[in-house]
Trainee: 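One structure coming up, written as structure tokens, with questions to follow.
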Protein chains: 2
Amino acid sequence: MYQTLKTLDFFTEAELQEAMEAATFHVIPKGQIHINQGEVCKDVLFIKKGLMRSFYYNSESEEVTYCFSFENAFFTAYSSWIQQKPSPENIQAITDTEVYIIKRHDVLRLQENSINWQKFFRTQAEGAYISLENRIMILQRESAEKRYEDLLERHPEYLQQIPLNYLASYLGITQRHLSRIRQNLANLKPTVI
Amino acid sequence: MYQTLKTLDFFTEAELQEAMEAATFHVIPKGQIHINQGEVCKDVLFIKKGLMRSFYYNSESEEVTYCFSFENAFFTAYSSWIQQKPSPENIQAITDTEVYIIKRHDVLRLQENSINWQKFFRTQAEGAYISLENRIMILQRESAEKRYEDLLERHPEYLQQIPLNYLASYLGITQRHLSRIRQNLANLKPTVI
DNA sequence: TTACTTATTGGACAAATGTCCTTTCTGACC
DNA sequence: GGTCAGAAAGGACATTTGTCCAATAAGTAA
């Protein structure tokens, strides 16, 4: 976490130290839910090792994967964090995951009088916005097959690490249909052995 | 604009004045495009009166409406504004629209040393994130009919002011299908006269 | 009012996607 | 190897959504 923050080049050494002191190390076992839907989010995670996802239930009570988070990234139930309202999302570890946890109380203290931390959280919010913009432009009017191909291009690592049932709902389709798409593409472009 | 900013309660009177001085008034005629896809966004609009939209072209070269903006709101090609990269969106006036324009140069100057402005832009980014999260949760795994009903609930004003072909692509469907959905709902819940 | 343009609706059929299940594959464990 | 559980694939059919047009409806200018 220290290195990731340092690389951003926003912070003084004192600010970095302050952040590290506020963080505590934990391991979240595979499958465990760190934040439940309905809870108000009171902390932010930094993933040191492992893989997490966020999911929610749609109006048919189907489990829908909203997003994933990988190593060396911050992760939280962001809308709940921002608004301090009950979270629509569940935050869950896909594998055993090592994280640093920083409590909201400490984050607010860091932000309070630091234009650097304000800037950092602004850029985090902007980055989050941009990745959602990309997803909307894909979800709105691209076919399921295009969406899958786009995922292959942008995030080939997803295919390596994430179960297909999670990927299917992430793409806005059923696993049955995802399987069909993969079948089609395999026939069109057979992998070279 | 002054009143809208003042109500947020972020700024000193001097900061408000500074912002007002940076703004210039313009009228964008109906249909005119203020920012073209491919341009780098260099200003932000405040809509005093009127109605604008953002749209882009998908991989089939269909025009897809990305979002709308109404009176007393800031509006810009946000991802381009953030990254200073070519915009995927076109920003267009739906009706004759009165706007204040603030150039990026001036915005950066305002932000430079003001924690208030940093905070303002952070909250703008956070608000933008949240509205996209809502849209993704709708687009991902709700039926087109649910999406339309959700729009009726959250933004009944859209139905009053926005042509249905724009709304259809905003909802991720064709106008043919939107018409079908409206037909179904009209049969189920006939309007009381 | 008339003519003309634009917005909206809807029929007929095609393509995409979902539902319900069963089968196949894969990896962990004994 | 054999067994078991979870992940992934796939058959058969139903539903949703799209495509291509034509038909109305509504709005604007002369």
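Each chain gets a letter, A, B and so on, in the order the sequences are listed, and its residues count up from 1.
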Trainee: Counting heavy atoms from C-beta on, name the nucleotide in C/dT17, D/dT17, C/dG10 closest to the side chain of B/Arg180.
Mentor: D/dT17
Trainee: Mind calculating the distance between CG (A/Leu139) and C1' (C/dA16) to the nearest angstrom?
Mentor: 16 Å
Trainee: Taking atom P of C/dA16 as reference, at what distance in whole Å does atom CD of A/Glu142 sit?
Mentor: 14 Å
Trainee: Would you please test B/Phe10 and B/Trp117 for ring pair (Phe, Tyr, Trp, His ring centres under 6.0 Å) and show each step?
Mentor: CA-CA 8 Å; B/Phe10 276 148; B/Trp117 278 106; 9.1 Å; no
Trainee: Please determine which of B/Tyr158, B/Phe75, B/Phe46 meets the ring-ring contact (aromatic ring centres under 6.0 Å, His included) test together with B/Phe70.
Mentor: B/Tyr158
Trainee: Classify every nucleotide of nucleotides 23-30 of chain D by which part a protein heavy atom approaches to under 4.0 Å, writing B for the base, S for the sugar-phosphate alone and - for neither, in 5'-to-3' order.
Mentor: --------
Trainee: Rounded to the nearest Å, what distance is computed from the CG atom of residue A/Leu185 to the C1' atom of nucleotide D/dA8?
Mentor: 16 Å
Trainee: How close or far is atom P of D/dA7 from atom CD1 of A/Ile94, stated in whole angstroms?
Mentor: 12 Å
Trainee: Kindly indicate, with the supporting measurements, whether the criterion side chain to side chain contact (heavy atoms under 4.5 Å, CB included) is fulfilled by A/Ile91 and A/Thr76.
Mentor: CA-CA 7 Å; A/Ile91 302 295; A/Thr76 191; over 6 Å; no
Trainee: Please report, rounded to the nearest Å, how far the P atom of C/dA15 is from the CD atom of B/Glu60.
Mentor: 15 Å
Trainee: Could you state the atom-to-atom distance from CD of A/Gln160 to C1' of D/dA7 in whole Å?
Mentor: 16 Å
Trainee: Is there side-chain contact between A/Ser169 and A/Glu62, with heavy atoms separated by less than 4.5 Å?
Mentor: no
Trainee: OP1 or OP2 of C/dT9 sitting under 4.0 Å from any side-chain N/O of B/Arg182?
Mentor: yes
Trainee: With a 4.0 Å cut-off, would you call B/Asp106 and B/Arg109 a salt bridge?
Mentor: yes
Trainee: From C/dT17, D/dT19, C/dT19, pick the nucleotide closest to the side chain of A/Arg141?
Mentor: D/dT19
Trainee: As a test of reading the structure: which of C/dT8, C/dT19, D/dT19 is closest to the side chain of B/Leu164, going by heavy atoms?
Mentor: C/dT8
Trainee: Would you please classify the geometry between the A/Tyr170 ring and the A/Phe68 ring as parallel, tilted or perpendicular, with 30° and 60° separating the classes?
Mentor: tilted
Trainee: Decide yes or no for B/Phe120 and B/Leu110: does some side-chain heavy atom of the first lie under 4.5 Å from some side-chain heavy atom of the second?
Mentor: no
Trainee: Roughly how many Å is it from CG in B/Asn165 to P in C/dT6, rounded to a whole number?
Mentor: 12 Å
Trainee: Could you label the plane-to-plane angle of the B/Tyr66 and B/Tyr56 rings as parallel, tilted or perpendicular, counting under 30° as parallel and over 60° as perpendicular?
Mentor: perpendicular
Trainee: May I ask you to verify if any side-chain N or O of B/Gln183 is less than 4.0 angstrom from the OP1 or OP2 atom of C/dT9?
Mentor: no
Trainee: My understanding is that only one of A/Arg176, A/Gln175, A/Gln183 makes a side chain to side chain contact (heavy atoms under 4.5 Å, CB included) with A/Ser179; could you say which?
Mentor: A/Arg176
Trainee: Report the nucleotide, chosen from D/dT17, C/dT17, C/dT8, that has the shortest atom-to-atom distance to any side-chain atom of A/Ser143.
Mentor: C/dT17
Trainee: Starting at atom CD1 of A/Ile162, determine the distance to atom C1' of D/dA8, rounded to an integer number of angstrom.
Mentor: 16 Å
Trainee: Check each residue of residues 166-179 of chain A for a non-hydrogen atom within less than 4.0 Å of any atom in DNA chain D, then write out the ones that pass by number, or none.
Mentor: A/Gln175, A/Arg176, A/Ser179
